[in-house]
Amino acid sequence: MSSISGLARIALSLGLPAGLLDRGPALRGTKFLAKAALNARFGGGQAFQMVNVGACDGALFDDVTPWLHRIPRARAVLVEPIPYNQKRLRANYPDTERFVIEPVAVTKTKGTITVHTFDAAALEAGTLPIEFIGCSSVTDTNLMSGKNAWGEDDANFNKFAPHVRDIEVPSETLQTLLDRNGITHIDAFLVDCEGADWIVFEQLDLKRYRPGMIKVEVGALPAAEIGEVVVKLKTSGYQVGFQAEDIWAFA
């Protein structure tokens, strides 16, 4: 993207009426990111810092991570345990100094963990829908267990079941990753872990890092864990909104 078109996109984002931008959580997120881009261009200060756990390839079905290309000097820790996704992620974010890829899963203790994923060759060949690259999980999500969104048997499961694979990946705690990368502040914190989202978000010290924007996917979480996410945010003084399968929160 050229600098002119990037500025035009940012200006357009901020040019919408404030009442409209604040009406929907995703629009408010756009406002937050556009302001960060302007501040980085004209205000100086410390670099914008993102932490994205479950980054996938940082592009498909992602309305936040691509802003790293529009925010000058932005930095990110991109956590992605699936090798196929790591290659796509690095191709999309080639600056190894600014964009660190952590090839691990986030768990409560250091070790290894089994991740349910799909055969990379089938994804590359188009045998499976491209959105399946973002469906790997350490939990038995509906997709991986042959159930539809209502918990009923999925009639289409037999079409892609032969391509389900279990792989072992290294795992670390969230704090270990933050310390390893020298993270002292976080502007945007994202979690998209297909059912393991609360396991990750529970570990984030909101008092210490206080991200300006948080986005947590909750579509694969049980109701009790969705409640835990909301309670943690609200008791920490965040403004919380729901959109589709995501919780957005703003400090």
Side-chain angles (χ1 to χ4, degrees), residues 26 50-69 76-94 99-107 111-172 190-201 215-222 225-226 242-248:
M50 178 185 293
V51 175
N52 185 345
V53 183
C56 193
D57 70 352
L60 284 175
F61 315 108
D62 190 335
D63 51 359
V64 176
T65 312
W67 276 89
L68 291 170
H69 295 306
V77 175
L78 305 169
V79 184
E80 176 52 52
I82 306 301
Y84 176 70
N85 293 351
Q86 293 162 15
K87 293 178 181 179
R88 293 173 60 99
L89 185 60
R90 179 52 75 200
N92 290 330
Y93 298 88
F99 307 130
V100 176
I101 296 176
E102 284 283 0
V104 301
V106 172
T107 52
T112 61
I113 193 168
T114 300
V115 179
H116 311 302
T117 189
F118 290 100
D119 180 56
L123 289 166
E124 196 70 27
T127 305
L128 297 173
I130 190 63
E131 58 264 28
F132 279 21
I133 74 166
C135 294
S136 301
S137 179
V138 299
T139 65
D140 290 322
T141 59
N142 283 337
L143 177 62
M144 292 298 185
S145 61
K147 303 292 183 181
N148 63 21
W150 308 108
E152 301 170 344
D153 288 340
D154 187 345
N156 294 314
F157 184 68
N158 64 330
K159 297 179 182 179
F160 57 79
H163 304 291
V164 175
R165 301 286 185 271
D166 284 350
I167 63 174
E168 291 292 315
V169 301
S171 64
E172 293 278 8
L190 316 178
V191 186
D192 186 348
C193 294
E194 301 297 323
D197 311 273
W198 173 240
I199 293 172
V200 175
F201 186 55
K215 181 185 178 188
V216 182
E217 185 188 60
V218 296
L221 292 184
E225 292 188 354
I226 295 175
F242 287 80
Q243 187 157 334
E245 296 185 345
D246 300 313
I247 289 177
W248 298 70

Candidate pair Glu172 and Val106, rule side chain to side chain contact (heavy atoms under 4.5 Å, CB included), full reasoning: CA-CA 5 Å; Glu172 293 278 8; Val106 172; over 6 Å; no
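- Heavy atoms only, all atoms of each residue included: Glu225 and Trp198 are closest at OE1-CB, 3.7 Å.
- Between the CG atom of Asn92 and the CG atom of Leu78 there is a distance of 10.5 Å, given to the nearest 0.5 Å.
- Side-chain contact between Leu68 and Met50 is present, with at least one heavy-atom pair separated by less than 4.5 Å.
- The distance from atom CD1 of Ile82 to atom NZ of Lys87, rounded to the nearest 0.5 Å, is 12.5 Å.
- Under the 3.5 Å distance criterion, with hydrogens and angles disregarded, no donor-acceptor pair is assigned to the side chains of Thr114 and Asp166.
- Under the salt bridge (charged side-chain N to carboxylate O under 4.0 Å, His left out) criterion, Asp192 pairs with no residue at all, not counting sequence neighbours.
- Using modelled atom types, no side-chain atom of Thr112 and backbone atom of Pro170 make a donor-acceptor pair closer than 3.5 Å.
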Residue pair Tyr93, His69: steps toward the ring pair (Phe, Tyr, Trp, His ring centres under 6.0 Å) verdict: CA-CA 8 Å; Tyr93 298 88; His69 295 306; 4.5 Å; yes
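- For the atom pair Phe242 CZ and Ile226 CD1, the distance stands at 7.0 Å (nearest 0.5 Å).
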Residues His116, Val138; criterion side chain to side chain contact (heavy atoms under 4.5 Å, CB included); working and verdict: CA-CA 6 Å; His116 311 302; Val138 299; over 6 Å; no
Hey, can you pull the donor-acceptor pairs under 3.5 Å for the side chains in residues 120-128, sequence neighbours left out?
from, atom 1, to, atom 2, distance (Å)
Glu124, OE1, Tyr84, OH, 2.6

Glu194 vs Glu217, side chain to side chain contact (heavy atoms under 4.5 Å, CB included): CA-CA, chis, key distance, verdict: CA-CA 8 Å; Glu194 301 297 323; Glu217 185 188 60; 3.3 Å; yes
From CA spacing to verdict: side chain to side chain contact (heavy atoms under 4.5 Å, CB included), Arg165, Phe118: CA-CA 5 Å; Arg165 301 286 185 271; Phe118 290 100; over 6 Å; no
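- Looking at heavy atoms from C-beta onward, Val64 lies in side-chain contact with Lys215 at the 4.5 angstrom threshold.
- Residues Val115 and Ser136 approach most closely at CG1-CB, 4.0 Å, considering heavy atoms.
- In this view, Asp197 satisfies the side-chain hydrogen bond (donor to acceptor under 3.5 Å, both in side chains) rule with no residue, not counting sequence neighbours.
- Taking the side chain as every heavy atom from C-beta outward, Ile101 and Val77 never approach each other to under 4.5 Å.
- One N or O on the side chain of Gln86 and one on the backbone of Glu80 form a donor-acceptor pair closer than 3.5 Å.
- Side-chain atoms of Asp57 come within 3.5 Å of backbone N or O of Leu60 as a donor-acceptor pair.
- Of all heavy-atom pairs spanning Leu89 and Cys56, the tightest one is CB-O, 3.6 Å.
- Residues Val169 and Pro81 approach most closely at CG1-O, 3.6 Å, considering heavy atoms.
- Counting only heavy atoms from C-beta outward, the side chains of Cys193 and Val200 approach each other to under 4.5 Å.
- Side-chain atoms of Arg90 and Phe99, non-hydrogen and from C-beta on, do get closer than 4.5 Å to each other.
- Pairing each heavy atom of Ala91 with each of Pro94, the nearest pair is O-CD, 3.9 Å.
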